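A quick write-up on the structure given underneath.
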Amino acid sequence: AEGRKHARPERDVSALSSVPRILSTRAALYERDFPVYKQPVEVGCFSLDSRRTFFNDARQLRYYVEPDRKPKLDLREGYRERYVRRDERVKENLDHLLTWILANRSKLPSRPAASSSLLELDVDIVTWRGHLTKLLTTPYETQEGWQLAVTKFGGTLYVSEVETEAARQSRESRTERHDEMMYWGYKFEQYTCADEVGACPNPGGVVNTNEAFCTVVQTRLGPHKLLFSGEVDCRDPDPLAPPAPSCYIELKTSAEIRMPKQRRNFLRYKLLKWWAQSFLPGVPRIIAGFRDSDGTVVSVETYHTSTIPQIIKSEYNSWKPTVCMNFCFDFLSFAKTAAIEDDPRVVYLFSWEPNRDVIYSVHRDSPYTFLPEWYVRQMMS
Ligand code: 0WD
Ligand code: CA
């Protein structure tokens with residue numbers, strides 16, 4: 001119950017027995033009541049254009065257009081000729097979100113700083129939605145580990161992913177087939193989204209994965225005040241649809257389900273990720289295009305995020321939403337007790353591998369430092 005009043009720069013964490021040094025990810029430990037998770041509120045949005053330039057507006061927001069009931073959408077079309085992909089070697093960290101925070105600071109809740117006359121963000125955690133999704137699914141993840149860099153600055157924890165060595169290797173050794181399959185998801189968006197209300201999708205255009213529309217939401221998980229951003233595929237074109245984020249729609253593609261084993265894997269692994277990703281920002285609908293092995297979408301289904309927990313309940317040994325949320329809750333508490341030093345140059349690096357506990361290490365002025373100087377400077381003035 002120490003709060004954030006006294007940052008003690010020289011304190012050695014390892015000497016304090018009251019500070020836990022690991023966090024278990026065993027699902028059974030997190031089977032408690034569902035924690036308080038406030039309805040997420042959109043506090044703003046931003047767009048990234050085809051050259052990854054930031055705009056403090058919704059210019060990249062698209063409108064959903066329902067495909068035919070028995071569609072035949074060829075997801076492979078245009079892969080060679082009309083595909084511009086984002087350079088994944090460029091690590092953007094939290095930069096676009098930090099740019100958004102600086103541009104909208106006066107509209108964000110602030111509190112007087114403990115040790116200066118400055119105002120600081122009245123938020124505990126700033127991160128990408130995708131990083132929180134990884135936390136939610138951790139107790140059930142058996143394949144891929146993660147690393148999250150955490151910096152405490154102005155009383156707020158900034159959480160930014162670090163690509164693991166294994167992830168880097170699989171990215172660099174990606175097959176042509178896998179690369180094409182990554183295109184399919186974006187191609188499905190092109191078949192089902194229009195740039196203006198009432199307009200038609202343009203499947204003859206270029207698929208450019210630099211373009212993005214991101215929502216910024218605020219919410220609370222137990223005591224943790226969260227501010228995070230996530231990419232949104234499109235919105236309900238009806239102008240009378242409920243306000244954001246309730247009008248947003250997440251688009252997905254998935255292999256057609258033919259065998260009981262395929263259905264089981266879909267419910268156990270894919271629906272878990274879909275649920276976690278859309279539940280976090282309060283996106284109520286997920287529209288899935290099911291494709292055959294040739295990459296043709298042959299059916300389209302709507303999943304309501306709020307009813308996914310009921311769909312998976314009847315499965316034997318299924319995942320539980322409460323485990324996901326309680327693990328995320330406990331990880332954030334763990335990160336708060338560990339990351340005591342308030343310094344933009346210090347990174348607490350949390351690492352997790354399947355079948356292991358979450359561990360962390362501390363790094364000062366290392367390549368892990370991710371809060372840019374421009375952000376630190378402007379927040380201190
Ligand atoms: O590791 C990440 N997720 C990073 C994301 C690292 C650095 C930056 N970003 C940013 C990008 O600016 C991107 O616009 O995150 C934005 C997306 O963030 P998010 O919503 O938090 O990520 P997530 O929920 O994992 O993914 C949402 C969508 C994906 O759609 P599907 O339906 O496949 O889940 O964002 C896309 C992808 O279309 N996406 C990305 N786009 C650009 N860079 C990235 C990425 N690293 N990861 C996912
Ligand atoms: Ca999507």
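Read the numbers this way: they start at 1 and go in the same order the structure lists the ligands and their atoms. Because the structure is predicted, anything quoted here is derived from the model rather than measured. FYI, the numbering just counts along the sequence from 1.
- The aromatic rings of Tyr30 and Phe327 sit perpendicular to each other, their planes meeting at more than 60°, with 30° as the lower class boundary.
- You'll find the ring centres of Tyr140 and Trp275 outside the 6.0 Å limit.
- Note on ligand 1: Tyr186 sits in its first shell, one or more heavy atoms being nearer than 4.0 Å.
- Checking only distances, Gln277 does come within under 3.5 Å of ligand 1, N or O to N or O.
- With Gly130, Ser160, Ser278, Cys214 as candidates, the residue nearest to atom 19 (P) of ligand 1 on a non-hydrogen basis is Gly130.
- Summarising the contacts of atom 16 (C) of ligand 1 with His131, His96, Glu250, Glu231, the nearest heavy atom is found in Glu231.
- Backbone and side-chain nitrogen or oxygen atoms of Lys252 are examined, and one is located within less than 3.5 angstrom of a nitrogen or oxygen of ligand 1.
- When distances to the Ca ion (ligand 2) are checked against a cut-off of 3.0 Å, Asp233 contributes an N, O or S atom below that limit.
- Between Trp274 and the options Trp319, Phe266, Phe279, Tyr269, a ring-ring contact (aromatic ring centres under 6.0 Å, His included) holds for only Phe266.
- Taking the six-membered ring where tryptophan is involved, the planes of Trp352 and Trp146 are tilted, since the angle between them lies from 30° to 60°.
- Contact analysis leaves Arg85 out of contact with ligand 1, as no non-hydrogen atom separation drops below 4.0 angstrom.
- Ring geometry for Tyr348 against Tyr360 counts as tilted: the plane angle lies between 30° and 60°, on a 0 to 90° scale.
- Of the protein's heavy atoms, Arg129 NE, 2.8 Å lies nearest to atom 24 (O) of ligand 1.
- Draw a line from the Ca ion (ligand 2) to OE2 of Glu250 and another to O of Leu251, and the angle between them is 80° (to 10°).
- Counting protein heavy atoms under 4.0 angstrom from atom 45 (C) of ligand 1 gives one or more.
- Salt-bridge annotation for Glu231 and Arg62: absent, with no side-chain N of the basic residue lying under 4.0 Å from a carboxylate O of the acidic one.
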